[in-house]
There are 2 protein chains.
Amino acid sequence: MIDRASGLPAYRQVADELRKKINAGEYRPGDKLPSERVLVDTYQVSRITIREAVGLLRAEGLVSAEHGKGVFIRPPQKVERLSRSRLSRAARSAGQAAFLADAASNRFTPAVEVDIRVEAATTEVAQVLGIGEGDEVLVRERVMSADGQPIQLATSRLPRSITAGTAIEQTDTGPGGTYARLEEAGHTLAHFSETVGARMPTPDEASLLRLGAGTPILVVRRVAVDTEGAAVEVNDMRLAGDRYELAYEFPAD
Amino acid sequence: MIDRASGLPAYRQVADELRKKINAGEYRPGDKLPSERVLVDTYQVSRITIREAVGLLRAEGLVSAEHGKGVFIRPPQKVERLSRSRLSRAARSAGQAAFLADAASNRFTPAVEVDIRVEAATTEVAQVLGIGEGDEVLVRERVMSADGQPIQLATSRLPRSITAGTAIEQTDTGPGGTYARLEEAGHTLAHFSETVGARMPTPDEASLLRLGAGTPILVVRRVAVDTEGAAVEVNDMRLAGDRYELAYEFPAD
DNA sequence: AAGTGGTCTAGACCACTAC
DNA sequence: TAGTGGTCTAGACCACTTT
């Protein structure tokens with residue numbers, strides 16, 4: 001099976017063979033790969049070489065190993081689509097914060113853990129919010145769960161000058177959430193600007209979001225801008241890449 | 001350095017130590033980690049254990065190894081921001097296809113390789129385009145490069161019934177690109193709808209985009225809809241996650 | 001008890017980079 | 001030539017799951 005003279009390392013050849021069989025449907029989602037000891041016999045290489053091959057497939061997110069049970073073909077995850085147009089004023093006045101609106105439309109039971117603190121603005125945050133470096137910012141750090149499973153990490157930062165004395169500094173921001181409170185405080189929102197990127201999670205993020213190996217995260221930064229052109233909130237969100245996709249719609253002209 | 005009784009595997013402890021030093025700035029971007037043999041002495045573990053530790057950091061995208069040279073702290077990549085509002089009719093009539101508009105605004109020299117073919121619509125594509133399964137679709141598969149470096153893979157699919165006889169079936173679609181030709185053919189575009197996800201690249205994608213280990217890709221599907229509500233094009237794009245972020249803007253109400 | 005993946009060792013040789 | 005990471009071996013024992 002393995003061509004020692006091909007120049008391609010043995011573990012790559014084994015990985016290529018297994019990947020081909022998976023893509024060809026020879027192994028189906030949920031199926032167990034042959035055990036490492038069996039693969040050692042099949043390909044006539046050492047166990048470490050087999051483990052390196054399987055490690056490649058794991059890093060690709062193609063399979064996942066379960067201790068004591070085996071290595072399984074990863075079934076395609078059900079992907080939730082998060083439509084960004086949900087951030088509407090109508091929804092806010094109806095008493096729905098963004099995450100709760102998602103919960104309603106996707107029918108899951110939401111739960112949010114919140115940690116609130118005050119920080120000095122870093123250079124980067126100060127620039128985005130248009131405030132001075134070192135100025136006080138309110139930080140709301142949240143872990144959002146659906147049906148008990150953590151699915152999103154979000155860190156909002158707002159100028160303390162805006163939030164002081166409002167419910168934004170409380171755990172429960174009330175009906176409509178932070179954005180509704182901002183508008184009550186005179187900061188009518190004009191538009192949102194979101195940037196979307198992807199990277200591998202830190203170990204902390206991976207364990208919080210219960211991500212398997214080979215699963216990247218979507219990194220979203222949302223900036224809320226009021227009618228005076230001032231940025232009033234910057235929200236950094238991190239979502240499991242295998243469970244979420246973001247949907248945007250925009251006109252052609 | 002390594003606590004054998006802690007329950008935490010040695011390679012995790014080594015990885016944690018190194019990660020902490022990187023994040024603390026003890027090793028700076030571009031710096032070389034101590035060689036594997038040195039780390040073996042430092043932590044008193046076997047070389048395979050060291051390699052496993054470094055492998056973790058590589059999978060996280062934190063470091064990258066260069067054969068014969070060493071393992072280096074990955075410097076933060078310069079991230080290009082792709083604004084999606086660029087898909088405007090004004091730009092199209094000015095003769096700019098979307099990718100070329102990006103090139104102009106970000107000042108790089110663009111190059112595109114195109115492969116054109118006709119396929120039968122899969123169930124999924126047929127559903128998106130609102131045509132029959134097995135109907136002919138024109139497929140334009142492209143590798144887009146900036147300054148000689150491949151940066152984006154894009155696969156467009158359009159109903160053959162629309163493209164037959166137009167320049168869309170040619171390598172060079174002419175000024176304004178595919179979208180301009182669609183409008184000339186009577187399909188005035190009304191809006192675009194994009195979904196954004198993230199996943200690890202296949203080996204093919206990784207080599208085409210020259211991605212290092214631990215680098216995910218952004219997966220964007222854009223659907224162009226005309227004024228009659230018909231989907232006229234579906235474009236699947238893949239971008240290097242360490243070099244791009246997408247920017248969207250939308251009103252607050 | 002048997003089978004699975006997880007961790008680890010002490011080596012060996014190769015391929016690439018630098019001097 | 002010397003130093004680096006890349007590949008590979010033949011074992012060993014551990015932790016977890018299933019029967």
Query raised in the report: Which residues pass the side chain to side chain donor-acceptor pair (under 3.5 Å) test with A:Glu124, sequence neighbours left out?
Result: A:Arg221

**Report entry** Within residues 201-213 of chain B, residues whose heavy atoms come under 4.0 Å of DNA chain C
**Finding:** none

Requested in this report: Round to a whole Å and report the spacing from CD1 of A:Ile50 to C1' of D:dT9.
Outcome: 13 Å

Query raised in the report: With a 4.0 Å cut-off, would you call A:Arg238 and A:Asp236 a salt bridge?
Result: no

Atom pairs and distances, side-chain donor-acceptor, residues 57-67 of chain A, under 3.5 Å, sequence neighbours left out:
from: A:Glu60; atom 1: OE1; to: A:Arg19; atom 2: NE; distance (Å): 2.9
from: A:Glu60; atom 1: OE2; to: A:Arg19; atom 2: NH2; distance (Å): 2.8
from: A:Glu66; atom 1: OE1; to: A:Lys69; atom 2: NZ; distance (Å): 3.2

Dump every N/O contact between nucleotides 15-19 of chain D and the protein below 3.5 Å, one line per pair.
from: D:dA15; atom 1: N3; to: A:His67; atom 2: NE2; distance (Å): 2.8

Query raised in the report: Salt bridge between A:Glu205 and A:Arg199, side-chain N to carboxylate O under 4.0 Å?
Result: yes

Requested in this report: Can you tell me which residue pairs pass the side chain to side chain donor-acceptor pair (under 3.5 Å) test with a partner in residues 22-33 of chain A, sequence neighbours excluded?
Outcome: none

Report task. Check every atom of D:dC8, D:dG5, C:dG5 against the side chain of A:Ala65 and return the nucleotide holding the closest atom. Result -> C:dG5

Report summary line: Those residues at least two apart in sequence (or on a different chain) that pass ring pair (Phe, Tyr, Trp, His ring centres under 6.0 Å) with B:Tyr248 are A:Tyr248

**Report entry** Between CD on residue B:Glu17 and OG1 on residue B:Thr42, distance to nearest 0.5 Å
**Finding:** 10.5 Å

Query raised in the report: Does the side-chain hydrogen bond (donor to acceptor under 3.5 Å, both in side chains) test come out yes or no for B:Ser6 and B:Gln13, once each step is laid out?
Result: CA-CA 9 Å; B:Ser6 79; B:Gln13 294 184 50; 3.0 Å; yes

**Report entry** Neighbours of DNA chain D within residues 55-64 of chain A, by heavy-atom distance under 4.0 Å
**Finding:** none

Query raised in the report: Does a sphere of radius 6.0 Å around CD in A:Gln149 hold more than 12 heavy atoms from other residues, nucleotides or ligands, not counting ones at 6.0 Å or beyond?
Result: yes

Report task. Determine the contact category for A:Val54: base if any of its heavy atoms lies under 4.0 Å from a base atom, sugar-phosphate if only primed atoms, P, OP1 or OP2 are that close, otherwise nothing. Result -> nothing

Query - Contact residues, residues 9-20 of chain A to DNA chain D [heavy atom, < 4.0 Å] - result: A:Pro9, A:Ala10, A:Tyr11

Query - Closest to the A:Ser35 side chain, choosing from C:dT9, C:dT4, D:dC8 - result: C:dT4

Query raised in the report: Any Lys/Arg nitrogen of A:Glu233 or A:Arg157 sitting under 4.0 Å from an Asp/Glu carboxylate oxygen of the other?
Result: no

**Report entry** Rounded distance (Å) that lies between atom C1' of C:dT4 and atom NZ of A:Lys32
**Finding:** 7 Å

Considering only nitrogen or oxygen atoms on both sides, find all protein atoms under 3.5 Å from nucleotides 11-13 of chain C and state each distance.
from: C:dA12; atom 1: N6; to: B:Arg47; atom 2: NH1; distance (Å): 3.4

Query raised in the report: Measuring from A:Thr109:OG1 to A:Asp147:CG, what's the distance to the nearest 0.5 Å?
Result: 4.5 Å

Requested in this report: Can you sort out the partners of A:Val40 under side-chain contact (heavy atoms from CB on, under 4.5 Å), two or more places apart, ordered by chain and number?
Outcome: A:Arg47, A:Ile50

Report task. State whether B:Thr49 places a side-chain N or O below 4.0 Å from either non-bridging phosphate oxygen (OP1 or OP2) of C:dT7. Result -> no

Requested in this report: Return the set of residues passing side-chain contact (heavy atoms from CB on, under 4.5 Å) with B:Thr123 (not counting sequence neighbours), or none when no residue passes.
Outcome: B:Glu133

Report summary line: Taken to the nearest 0.5 Å, the spacing of A:Ser46 OG from A:Ile48 CD1 works out to 6.0 Å

Query raised in the report: When you check the gap from the basic side-chain N to the acidic O, do A:Glu113 and A:Arg142 get nearer than 4.0 Å?
Result: no

**Report entry** For A:Arg37, salt bridge (charged side-chain N to carboxylate O under 4.0 Å, His left out) partners two or more places apart
**Finding:** none

**Report entry** Residue mapping more 5' on DNA chain D - nearest nucleotide basis, A:Ser46 or B:Glu36
**Finding:** B:Glu36

